[in-house]
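In this chain, residues are counted from 1 in sequence order.
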Amino acid sequence: MSEARENRRRVRMTGQERREQLIEVSRGLFADKGFDGTSVEEIAAKAQVSKPVVYEHFGGKEGVYAVVVDREVRRLLDIIRDSLTEAEGPKDMIELATLALLDYVDTHTEGFRILVRDSNIGTSSGSFASILSDVASQVEDILVSAFKSRKLDHRAAPIYAQMLTGMVGLTGQWWLDNRKHSKQVVAAHLVNLAWNGMKNLEPRPRLRDR
């Protein structure tokens, strides 16, 4: 057997290894070019396989995209959920959740870029907005008890949960390409606005008569 043929035999991947390689290659391309800007040809070329191999494993571009997005969704939600289990109070919860999301932006930048694009294509997990909504549902439970203890209308807790997670999520998108400030500085300012606003809530807020 020739040396070249022997080398090819040694590096031949199992089906699972090939699948993981295609996912990782696709993840980088989707982060860089987006769903529409990426083709099956590019995925195959970068993975050094033929196009039919991609179709065999995923059925097409939509299939591999769905897997990439679903993995990132699970990763982000796990990071935030884990952070909330350590919270010792409402303010601590806001701090930990804020830092958790910014940590994800910082350490999984490619994944975050994919999620903030139109990640509802071919996925069961939905868009980035629906991911934040999932997080907000967990924050809501904490806010309900905090509202009751301060004699605020606990029925408004879902509104505040959406506002808080939306504020952090959109700031994370902005910080992705505006790294003038450190993660800790951005998180501190987010918590400053959120907590001091929450601390001085009016029991029955109303708009000014016009």
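Under a hydrophobic-cluster definition in which Ile, Leu, Val, Met, Phe, Trp and Tyr are linked whenever side-chain heavy atoms come within less than 4.5 Å, directly or via other members, Leu99 and Leu76 are assigned to different clusters. Put simply, Leu96 and Met163 are part of two different groups of oily side chains (I, L, V, M, F, W, Y) that touch within less than 4.5 Å, one to the next. Leu77 and Leu170 are members of different hydrophobic clusters when ILVMFWY side chains are connected at heavy-atom separations under 4.5 Å. Residues Leu164 and Val144 do not share a hydrophobic cluster, clusters being chains of Ile/Leu/Val/Met/Phe/Trp/Tyr side chains in contact below 4.5 Å. In the hydrophobic cluster analysis, where Ile, Leu, Val, Met, Phe, Trp and Tyr join through side-chain heavy atoms closer than 4.5 angstrom, Ile114 is grouped together with Leu102.
Between Arg179 and Asp106 there is a salt bridge, with a side-chain nitrogen of the basic residue lying less than 4.0 Å from a carboxylate oxygen of the acidic one.
To the nearest 0.5 Å, atom NZ of residue Lys61 and atom CD of residue Glu41 are 9.5 Å apart.
Evaluation of the side chain to side chain donor-acceptor pair (under 3.5 Å) rule for Glu110 yields Arg27 as partners, not counting sequence neighbours. Scanning for ring-ring contact (aromatic ring centres under 6.0 Å, His included) contacts around Tyr104 gives His108, with sequence neighbours left out.
Here the side chains of Phe112 and Arg75 are not in contact, with every heavy-atom distance at 4.5 Å or above. Using a 4.5 Å heavy-atom cutoff, the side chains of Arg113 and Leu176 are in contact. Considering only heavy atoms from C-beta on, Phe30 stays 4.5 Å or farther from Val69 through its side chain.
If you check the side chains of Gln21 and Glu17, you find no donor sitting under 3.5 Å from an acceptor.
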- Task: List the steps and the verdict of side chain to side chain contact (heavy atoms under 4.5 Å, CB included) for Thr165 and Leu101.
- Result: CA-CA 10 Å; Thr165 54; Leu101 192 142; over 6 Å; no
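Panel note: side chain Asp32, backbone Gly28; no donor-acceptor pair is recorded below 3.5 Å.
Evaluated for a side chain to side chain contact (heavy atoms under 4.5 Å, CB included) with His189, the options Val186, Val185, Val191 yield exactly one hit, Val185.
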